[in-house]
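Note: hydrogens, waters and symmetry copies are ignored here, and every other heavy atom, side chains too, is used. Sequence lines set the chain letters: A, B, ... in the order given, protein chains first and strands last, and positions in each chain run from 1.
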2 protein chains.
Amino acid sequence: MSGYLKGRLRREDIIAAAMDVYREAGYHGSSLREIAKRANLTHAGLIYYFPSKEALLAAVLERRDAEDTEREKLDTTPPGVEVLHHFLAIVEHNTRNPGVVDMYTRLAAEAVAVDHPAHAYFERHYRMARDNAEATFRALSERGELRTGVDPAMAALTFIALWDGLQVQWLTNQAEVDMLGSIRTHLQNLLTVPLD
Amino acid sequence: MSGYLKGRLRREDIIAAAMDVYREAGYHGSSLREIAKRANLTHAGLIYYFPSKEALLAAVLERRDAEDTEREKLDTTPPGVEVLHHFLAIVEHNTRNPGVVDMYTRLAAEAVAVDHPAHAYFERHYRMARDNAEATFRALSERGELRTGVDPAMAALTFIALWDGLQVQWLTNQAEVDMLGSIRTHLQNLLTVPLD
DNA sequence: CCTACCGATCGGTAGG
DNA sequence: CCTACCGATCGGTAGG
């Protein structure tokens with residue numbers, strides 16, 4: 001096994017451990033010592049791989065985006081009902097992966113503070129999500145597939161806000177909250193065509 | 001000025017300072033020393049008034065509820081469209097008080113963690129909000145004022161989730177987000193009668 | 001209400 | 001990648 005490969009695997013272990021700890025304690029609440037312990041090394045050893053606490057956070061966010069091949073596909077899907085199906089597929093995927101949702105929600109909430117190291121990341125993330133949704137609703141509107149009086153920009157904002165809010169409710173009580181059904185129903189209520 | 005009065009005023013100062021710091025740093029991110037400094041005493045002095053960090057948090061949440069005479073009024077309003085007007089009045093009031101919304105959102109997000117000292121408080125808070133909304137939609141449904149096929153329980157969950165999600169978006173970008181308009185439009189879309 | 005202190009924990013560095 | 005350490009900060013206590 002080459003030294004480079006070993007190093008890469010070690011980094012992956014550390015990132016996975018960091019995601020676990022961020023999920024439980026947020027960024028500020030987590031310590032390099034706790035993350036290092038779960039990756040079986042000392043906190044000084046961790047710093048050998050990631051030069052600072054912030055650099056590790058950046059690596060975690062970067063890998064999360066890299067994993068999101070779904071988002072990649074989203075970018076290349078032409079605006080229309082198909083995009084809504086893509087959104088729903090992501091929600092369904094999330095339903096089977098509460099850990100990632102939990103980590104993301106935890107960090108996003110913390111990063112509302114302007115001086116949080118992930119603030120810029122999430123600002124960009126949300127803007128892209130909103131723009132994407134707005135373009136979709138606009139295309140639907142031009143084809144007459146959006147109910148009369150529904151404004152694409154407001155529909156986009158409402159959709160993203162609903163998605164976020166539902167994740168929080170779902171994380172608090174997964175048994176009682178039908179995240180996928182609620183979003184599907186909400187979208188269907190905006191459309192003049194069936195969503196199936 | 002009586003000693004008791006002085007003590008009560010001092011406590012109010014400390015609680016106000018705590019709300020400020022919680023808003024900026026959350027509960028775990030804030031220190032008794034910083035809160036104390038803003039209330040013009042030492043952190044040991046603060047502990048003279050509130051025996052622990054958790055006791056101060058409890059006092060902050062308690063006072064926030066006490067201030068919410070609006071919620072009190074909500075409890076005594078019979079289910080129906082009038083309750084929706086009450087909800088919208090709260091949203092409008094919040095629009096003029098970003099500080100309190102910010103503090104609440106920050107704490108609520110942090111308290112998703114089950115071992116957070118405010119976890120039980122927010123669980124109760126959300127359950128009450130959801131139950132209240134569900135009873136309202138149910139009453140509307142029985143009078144035929146809810147659109148066909150709208151399920152009161154799902155409408156309540158969706159409404160609370162949307163409200164929460166919009167607050168986060170609004171806090172991040174107050175200029176671009178029409179919180180009140182979005183909620184009003186969403187509600188109107190569920191009804192068969194005008195919301196005015 | 002303060003001064004003075006405690007034990008614990010933090011991110012990061014030195015030096016190997 | 002570790003041991004050993006630094007300066008800073010934390011919540012809480014003692015004792016007045």
Side-chain angles (χ1 to χ4, degrees), chain A residues 1-22 24-61 106-107 110-111 113 115-119, chain B residues 1-22 24-61 106-107 110-111 113 115-119:
Chain A
M1 185 160 74
S2 89
Y4 283 128
L5 176 59
K6 195 180 141 203
R8 226 181 307 138
L9 292 176
R10 208 78 161 98
R11 270 169 223 271
E12 288 301 308
D13 286 347
I14 293 170
I15 288 174
M19 291 180 75
D20 269 355
V21 179
Y22 290 169
E24 295 168 19
Y27 172 74
H28 284 125
S30 66
S31 71
L32 296 180
R33 281 168 173 84
E34 175 61 28
I35 294 167
K37 185 161 58 166
R38 301 201 195 187
N40 294 313
L41 76 172
T42 65
H43 92 282
L46 190 160
I47 286 178
Y48 168 79
Y49 288 104
F50 298 95
S52 72
K53 197 184 181 187
E54 284 201 29
L56 176 56
L57 173 64
V60 166
L61 295 174
R106 194 79 161 74
L107 285 183
E110 210 181 355
D115 59 342
H116 191 282
H119 183 78
Chain B
M1 185 159 75
S2 90
Y4 284 128
L5 176 59
K6 195 180 141 203
R8 224 182 307 139
L9 291 176
R10 208 78 162 95
R11 268 168 224 272
E12 287 301 308
D13 286 347
I14 294 170
I15 288 176
M19 291 179 77
D20 269 355
V21 179
Y22 290 169
E24 294 169 19
Y27 172 74
H28 283 125
S30 66
S31 71
L32 297 180
R33 280 168 174 85
E34 176 62 27
I35 295 167
K37 183 161 58 167
R38 300 200 194 188
N40 295 313
L41 76 173
T42 65
H43 93 283
L46 189 159
I47 286 180
Y48 169 80
Y49 287 104
F50 298 95
S52 71
K53 197 184 181 188
E54 285 201 29
L56 176 56
L57 173 64
V60 166
L61 295 174
R106 193 80 162 73
L107 286 184
E110 211 179 355
D115 59 340
H116 192 283
H119 183 78

(message) Between C1' on D/dG11 and CD1 on B/I35, what's the gap in Å once rounded to a whole number?
(response) 11 Å
(request) Taking all heavy atoms of B/F50 and all of B/A55, pick out the closest pair and write down the distance. (result) CD2-O, 4.4 Å
(message) Restricting to non-hydrogen atoms, name the atom on A/L107 and the atom on A/Y22 that form the minimum distance, rounded to 0.1 Å.
(response) CD1-CD1, 4.2 Å
(message) Distance check needed: C/dC5 P versus B/H43 NE2, whole Å only.
(response) 14 Å
(message) By the 4.0 Å heavy-atom rule, please label A/I47 as base, sugar-phosphate, or nothing.
(response) base
(request) May I have the distance from A/H28 (atom NE2) to D/dA8 (atom P), rounded to whole angstrom? (result) 19 Å
(message) Could you tell me how far apart B/L46 (CG) and D/dT13 (C1') are, to the nearest whole angstrom?
(response) 15 Å
(message) What is the distance, to the nearest angstrom, from the CD atom on A/E54 to the P atom on C/dG11?
(response) 12 Å
(request) Among the candidates D/dG12, C/dT3, C/dT13, find the nucleotide nearest to the side-chain atoms of B/S52. (result) D/dG12
(request) Compare side-chain N and O positions of A/Y48 against OP1 and OP2 of D/dC2 and report whether any pair is under 4.0 Å apart. (result) no
(request) Would you mind reading off the distance between A/Y27 atom OH and C/dC10 atom C1', rounded to a whole angstrom? (result) 12 Å
(message) Taking 4.0 Å as the cut-off, does a side-chain nitrogen or oxygen of B/K6 come that near to OP1 or OP2 on C/dC1?
(response) yes
(request) State, to 0.1 Å, how close B/Y49 and B/R11 come at their nearest heavy-atom pair, and which atoms those are. (result) O-NH1, 2.9 Å
(request) Give the rounded distance in Å between these two atoms: CG of B/L32 and C1' of D/dG12. (result) 9 Å
(message) Please report the distance, rounded to the nearest Å, between CZ in B/R33 and C1' in C/dC5.
(response) 11 Å
(message) To the nearest 0.5 Å, what is the distance between CG on A/D13 and CG on A/L9?
(response) 7.0 Å
(message) Test: salt bridge (charged side-chain N to carboxylate O under 4.0 Å, His left out). Region: residues 36-47 of chain A. Which pairs qualify, not counting sequence neighbours?
(response) A/E24-A/R38, A/E34-A/K37, A/E34-A/R38
(request) Searching all strands shown, indicate the nucleotide that pairs with C/dG12 (Watson-Crick or G-U wobble; both distances under 3.5 Å). (result) D/dC5
(message) Under 4.0 Å, heavy atoms only, any strand: does B/S31 hit a base, just the sugar-phosphate, or nothing?
(response) sugar-phosphate
